[in-house]
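The next block holds one structure in the form of structure tokens; read it before the comments.
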Amino acid sequence: MAKLPSIIVSLLPTLLLAGCPGDDPGTSDTDTGVADTGATGMESTGGDDVDMMTTGSADESGDTGNGGVSGEELYLGVCASCHGMMGEGTSLGYELQHPVRLYSNWVVRNGRPGTEFMDSVMSAYGPDVISDEQLEEIWDYLGSFPQPTTGETLYLDYCRNCHGIDAYGGVTGVNLHEPGAMLEIFEKVREGENTGNPGARNSYMPAFDATWLTDAEIQMIADHIATL
Ligand code: HEC
Ligand code: HEC
């Protein structure tokens, strides 16, 4: 966390004054992190933080919902304690850079129970807490970071949350080392699977067109998986 962009550093005092944790999510221990965010179950528990952040600022700006707090500010105040200031991920929440919106919207609106790979859970946040517009701004912020340039970092960014750090299954149980699993990798990545139902953990995979991953990048990912 030594190289935070100055814009984020300059926002920190505001966020901390607003009662929001997140100064060093990478090193929070489990108990502290979960207690700080108040997220202990599936119910929406981000409301208190947001209310504190928006108090007094309602109607100052008409261009975003919830009192003019931008999606990026909301992300830093509400989500970064688990997912990292730049969406780089911590032991309490996945890496989130370059998010797929249909899928990510579903997770935020519905929450998730947590997995054996994470020391916390994902609460559901309704539109009363984070408007649709703010959610789009959160994805814009998380999408603004540079594209990874190696097979390993591309894999960690785009595939790891679902297939596991070593591609042996992860939360979906879909093991990419099974014989034949990689034969149709280009087709799988381009077309996805069951893309209408992002809640189906074991049968949903998003589609990534060439604006997300070029053929060369998919090949780099395949080459990396082969080394694992
Ligand atoms: C208390 C920690 C915590 C907070 C706060 C939190 N998350 Fe999460 N988030 C998690 C965990 C843990 C998961 C994985 C849950 C699972 O898969 O069962 C997750 C999963 C996700 C995913 C799905 C990632 C993937 O690749 O599967 C998205 C998107 C997400 N969170 C966005 C957000 C946003 C946006 C916020 C703020 C509004 C937020 N989260 C706040 C812990 C948190
Ligand atoms: C949101 C979760 C998710 C993400 C992200 C994801 N996948 Fe998948 N992937 C799945 C699921 C679930 C399946 C099984 C789908 C089915 O066949 O029902 C799958 C299937 C596959 C298969 C076919 C495996 C087989 O045995 O037929 C390949 C290859 C694959 N994924 C590669 C990738 C690569 C490469 C990436 C990153 C660019 C990626 N996936 C990102 C969830 C995901």
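Counting convention: from 1, in listed order, for ligands and their atoms alike.
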Exercise for the section: May I ask you to test the M86-Y141 pair for a side-chain heavy-atom distance under 4.5 Å? Expected result: yes
Practice task
Evaluate the side-chain proximity of R109 to P127: yes if any heavy-atom separation is below 4.5 Å, no if none is.
Solution key: yes
Problem - H83 near atom 8 (Fe) of ligand 1: N/O/S under 2.8 Å - result: yes
Problem - Note, D157 side chain near F145 side chain (heavy atom, < 4.5 Å) - result: no
Practice task
Check whether any heavy atom of P99 sits under 4.0 Å from an atom of ligand 1.
Solution key: no
Handout entry: For atom 1 (C) of ligand 2, the protein heavy atom that lies nearest, with its residue and separation
Key = C162 SG, 2.7 Å
Practice task
Answer with side chain, backbone, both or neither: which part of V107 has a heavy atom less than 4.0 angstrom from an atom of ligand 1?
Solution key: side chain
Exercise for the section: Can you sort out which atoms of ligand 2 are near P206, meaning under 4.0 Å from one of its heavy atoms? Expected result: 1 (C), 3 (C), 4 (C)
Exercise for the section: Measure from atom 8 (Fe) of ligand 1 to each N, O or S atom of M122 and report whether any distance is below 2.8 Å. Expected result: yes
Problem - Closest protein heavy atom (residue, atom, distance) for atom 39 (C) of ligand 2 - result: M205 CE, 3.4 Å
Fill in the blank from the handout: At under 4.0 Å between heavy atoms, what of A222 touches ligand 2? The answer is neither
Exercise for the section: May I ask you to test the W139-L135 pair for a side-chain heavy-atom distance under 4.5 Å? Expected result: yes
Handout entry: Polar contact flag for S81 and ligand 1 (N/O pairs, less than 3.5 Å)
Key = no
Handout entry: Gap between atom CG of L96 and atom NE2 of H83 - 0.5 Å precision
Key = 4.5 Å
Exercise for the section: Report the part of V100 (side chain from C-beta onward, or backbone N, CA, C, O) that has a heavy atom under 4.0 Å from ligand 2; answer both or neither where that applies. Expected result: neither
Practice task
Determine whether H163 and T172 make a side-chain contact, defined as any pair of heavy atoms from C-beta on separated by less than 4.5 Å.
Solution key: yes
Fill in the blank from the handout: Numbered in order shown, the ligand 2 atoms found under 4.0 Å of a heavy atom of L213 are 38 (C)
Practice task
For the residue pair M122 and V107, establish whether any side-chain heavy-atom pair is separated by less than 4.5 Å.
Solution key: yes
Practice task
Pull out every atom of ligand 2 sitting under 4.0 Å from any heavy atom of S203, numbered as shown with elements.
Solution key: 12 (C), 18 (O)
Problem - N/O separation below 3.5 Å, Y75 to ligand 1 - result: no
Practice task
For atom 7 (N) of ligand 2, find the nearest protein heavy atom and state the residue, atom name and distance (0.1 Å precision).
Solution key: H163 NE2, 2.8 Å
Exercise for the section: Answer whether the closest heavy-atom distance between the side chains of T149 and M220 falls below 4.5 Å. Expected result: no
Practice task
Decide whether the shortest distance between a heavy atom of Y141 and an atom of ligand 1 is less than 4.0 Å.
Solution key: no
Exercise for the section: For ligand 1, indicate whether the residue I130 contacts it via side chain, backbone, both or neither (heavy-atom separation under 4.0 Å). Expected result: side chain
Practice task
With heavy atoms under 4.0 Å as the rule, classify the contact between L96 and ligand 1 as side chain, backbone, both or neither.
Solution key: side chain
Exercise for the section: With the side chain counted from C-beta on, respond yes when M182 and I225 share a heavy-atom pair under 4.5 Å apart, and no when they do not. Expected result: yes
Handout entry: Y168 ring center near H177 ring center (under 6.0 Å)
Key = yes
Handout entry: Nearest neighbour of atom 14 (C) of ligand 2 from the list V171, D157, V174, on a heavy-atom basis
Key = V174
Exercise for the section: Record the part of W106 in heavy-atom contact with ligand 1 below 4.0 Å; permitted values are side chain, backbone, both and neither. Expected result: neither
Practice task
Examine Y103 against ligand 2 and note whether any of their N/O atoms are separated by less than 3.5 Å.
Solution key: no
Problem - ligand 1 versus V108: contacting region, heavy-atom distance under 4.0 Å - result: side chain
Fill in the blank from the handout: protein heavy-atom neighbour closest to atom 16 (C) of ligand 2 works out as E193 CG, 3.5 Å
Problem - Check: R201 N/O within less than 3.5 Å of ligand 1 N/O - result: yes
Handout entry: Heavy-atom nearest neighbour of atom 29 (C) of ligand 1 within options S104, G77, G93
Key = S104
